[in-house]
2 protein chains.
Amino acid sequence: MTTIDDVARAAGVSVSTVSYALSGKRPISAATRARIERAVRELGYRPHAGARALASSRTNVLALMAPLRVDVNVGVIMQFVTGVVTRAREFQHDVLLLTQDDLAGVDRVAAGSMVDALIMMDVEAEDPRLPVLRAQRQPSVLIGLPRDPGGLSCVDLDFEAAARSAVDHLSQLGHRSIALVGSPQAVLDRHTTYAQRMVRGFESEARRVGAQAVFEPCESSHAGAVDAVDRVLDRLPEVTALVVHNEVALPAVLATLRERGLDIPRDISLVAVCPQDVATGQPQPLTAVDIPALTIGGVAVDMAMARLERDEPAETRLLAPVLTPRATSAPARA
Amino acid sequence: MTTIDDVARAAGVSVSTVSYALSGKRPISAATRARIERAVRELGYRPHAGARALASSRTNVLALMAPLRVDVNVGVIMQFVTGVVTRAREFQHDVLLLTQDDLAGVDRVAAGSMVDALIMMDVEAEDPRLPVLRAQRQPSVLIGLPRDPGGLSCVDLDFEAAARSAVDHLSQLGHRSIALVGSPQAVLDRHTTYAQRMVRGFESEARRVGAQAVFEPCESSHAGAVDAVDRVLDRLPEVTALVVHNEVALPAVLATLRERGLDIPRDISLVAVCPQDVATGQPQPLTAVDIPALTIGGVAVDMAMARLERDEPAETRLLAPVLTPRATSAPARA
DNA sequence: CTAGCGTATCGAAGCGCTTCGACGATCGAC
DNA sequence: GTCGATCGTCGAAGCGCTTCGATACGCTAG
């Protein structure tokens, strides 16, 4: 292993000069810097991460807790993760991956000084990890919105507004009977707030525009989708529009509607709440409110860095929804 | 931050005694050990990862390079990752996540001593990362099979055998005209060997059992699936069985067959090569060769640890395929 | 001509841990 | 009663880096 000592010797300067040349924390003459850079290149020098962390109490690593179960929406999670990793790299940080259920992991990596900050996905209303996060000296950022952020930064899509904009869009097209096919019951029971915020926005906006509204949770499977659609048709036979907030069930929902003899958008309009690539990857491009997972992941990193580098206080950011009309929404028939 | 010094003082012993008590590398009397453990607990002591890495040249971190693009099969990747993270924890290791394209990342984390070993997914025949991996002092494990492993450990499903067992199963049911709907052309072009091994196994086994065989690549989209199915029906009108090795296109393939008036398994049998949960999560449970992604991820960690702890030499492990007959394969009609 | 300043560099301390060699005490064997 | 092992513990060195204070030098201002 080549160390900073080797570099210093090769460049004919002291160790501290090398350190300052590489970090830029003190002025170094152009000539000296050049000699050092040359030595670094020729020796293939890489600072030892552990030594650096020990001396500077900065690790240049971020922890990311991701739900690695298969029941949740894998695609969206992957995008969050990608967003985090990509943006982290732009800040010279690497990402340590923890599983959602690894409560002890938070303490291990934070108290053990393995990371500079933590990012946590899929937060629940009363998430048991929150107190643990608050106990650490490193800042953390939540993707999602607990009941009480209390000192932790949060970022998420404004699902309430997303639901409202979906209902609004449909209402403006003349629809008066709208159903929400949502997250699985288990997700609601878990008090994952995005699901609840979605329902709240849906119901309040329907009330405001004077539309009939029913909400049905939907398991993330083919059978679950069939069930949910049938329950909707049963509870609200005059339904002319659907808001679907369940990427996994989406294809099955579409298929079931078709099987029930309903044409989209002739008989029934549909607005999905899902990532853009899911919306455009279906047999029919879906009118949808985008879930900008990549962006959200990136913003989470930005927020972590803001606290780290300029120790800005914790804040909550809710991203405004963007609805893109595509092929699946049309005026209600008179 | 509480340090090992604090613990030593609290327990009334020297620093080295604390270290030995915690690592177990030298015998410590039960009484002393108890005092130390008590101090650790009361002070909430956590060893500083960087300091430990510096002193011991062990980081207890594994690097995992995962393809975080969306075009590949996200679900399977997630399972690999989960398998790796879960198993790594059993060896007291954490996982640092790198993106596939981050070639410099390999050098950064390995040469910078951030990790003890590297695991790389989605290996191509002539992967440009291989020389970089070979240049590091840390061992690496590939998930996949390059043309020349040359000193690197490899683990993967035996896709050639998987294809053979699928063809065999169909052949025994009397099918004589079999098509393989496979990976996207882009994956083949990239020389991802699992796709090639699949095709090779498919074609050789079809030849052996004397069945007609055609292979069609298939884009991972609805349109791509429709295309692929139509091309198959066009090239081999008498086809009675399909092997599908493309989880993303799977639902669309099933839907297209139905749309073309073909009933499964009455008119056409189907064997998928996909993770078990995908096979059983379809509208109809699929006869399938399991891709045991979780297991493979775990085995990758085992192999890394074997080299680390008992420095065993590099080896290649191909997991034997398991075909489970379900609802989509039936005897060919006479 | 000198006081004072900014610039470029150096030396040394210290970050928190592991590990090696040493040492006193205890014990069984002769 | 003595000798060597064995056991439990300690002290100190050292892992590779950052950072603080000091220093040396060349300037400019007065």
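First the proteins, then the strands, lettered A, B, ... as listed; each starts at 1.
- When each of B/Gly12 and A/Gly50 is assigned the nucleotide of DNA chain D bearing its nearest heavy atom, the one mapping closer to the 5' terminus is B/Gly12.
- One finds a side-chain N or O of A/Arg52 lying less than 4.0 angstrom from the OP1 or OP2 phosphate oxygen of D/dT18.
- In this structure, B/Glu42 pairs ionically with B/Arg38, as a charged nitrogen and a carboxylate oxygen lie closer than 4.0 Å.
- The A/Thr3 side chain lies nearest to D/dG16 when the options are D/dT19, D/dG16, D/dT18.
- DNA chain D is contacted by both B/Ala51 and B/Arg33; B/Arg33 maps to the nucleotide lying nearer its 5′ end (nearest heavy atom per residue).
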*Check the pair B/Met78 / B/Val81 against side-chain contact (heavy atoms from CB on, under 4.5 Å), numbers first and verdict last.*
CA-CA 5 Å; B/Met78 204 73 153; B/Val81 173; 5.6 Å; no
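- A/Ser23 comes within contact range of no nucleotide atom at all, as no heavy-atom separation falls under 4.0 Å.
- For A/Ser14 against C/dG11, no side-chain N or O and base N or O form a donor-acceptor pair under 3.5 Å.
- Closest to the side chain of B/Ala55, out of C/dA12, C/dT18, D/dC17, is C/dT18.
- B/Arg35 places its CZ atom 8 Å from the P atom of D/dT9, with the value rounded to the nearest Å.
- Residue A/Ser16 has no polar side-chain atom (N or O) positioned under 4.0 Å from OP1 or OP2 of C/dC10.
- If you measure from atom CG of A/Leu54 to atom P of C/dA13, you get 17 Å, rounded to the nearest angstrom.
- Side chains of A/Thr295 and A/Arg87: no donor on one and acceptor on the other come within 3.5 Å.
- What separates CZ of A/Arg58 from C1' of D/dT18 is a distance of 13 Å, to the nearest Å.
- Between B/Ile4 atom CD1 and C/dT18 atom C1' the separation is 8 Å, expressed in whole Å.
- Checked by distance alone, B/Tyr20 brings no side-chain donor or acceptor within 3.5 Å of a matching partner on the base of C/dC17.
- What separates CG of B/Leu22 from C1' of C/dT19 is a distance of 14 Å, to the nearest Å.
- Residue B/Ser19 is classed as a base contact, given a heavy-atom separation below 4.0 Å to a base.
- A/Ser16 and A/Ser19 share no side-chain donor-acceptor pair at under 3.5 Å.
- B/Pro27 comes within contact range of at least one nucleobase, with a heavy-atom separation under 4.0 Å.
- Note: CD1 (B/Ile28) to P (C/dA25) measures 18 Å, nearest angstrom.
- Contact annotation: side chain of A/Arg26 to base of D/dG21, donor-acceptor pair present below 3.5 Å.
- The residues B/Asp94 and A/Arg108 are annotated as salt-bridged, a charged nitrogen and a carboxylate oxygen being separated by less than 4.0 angstrom.
- If you measure from atom CZ of B/Arg9 to atom P of D/dG11, you get 13 Å, rounded to the nearest angstrom.
- With salt bridges taken as basic N to acidic carboxylate O contacts below 4.0 Å, one links A/Arg190 and A/Asp122.
- Among the protein residues, B/Val13 comes within range of the sugar-phosphate backbone only, with heavy atoms under 4.0 Å from sugar or phosphate atoms but none that close to a base.
- In this structure, A/Asp6 atom CG and D/dC15 atom P are separated by 11 Å, rounded to whole Å.
- For the pair B/Ser29 and D/dT9, the criterion of a side-chain N or O lying under 4.0 Å from OP1 or OP2 is met.
- The phosphate of D/dT19 has OP1 or OP2 within less than 4.0 Å of a side-chain N or O from A/Lys25.
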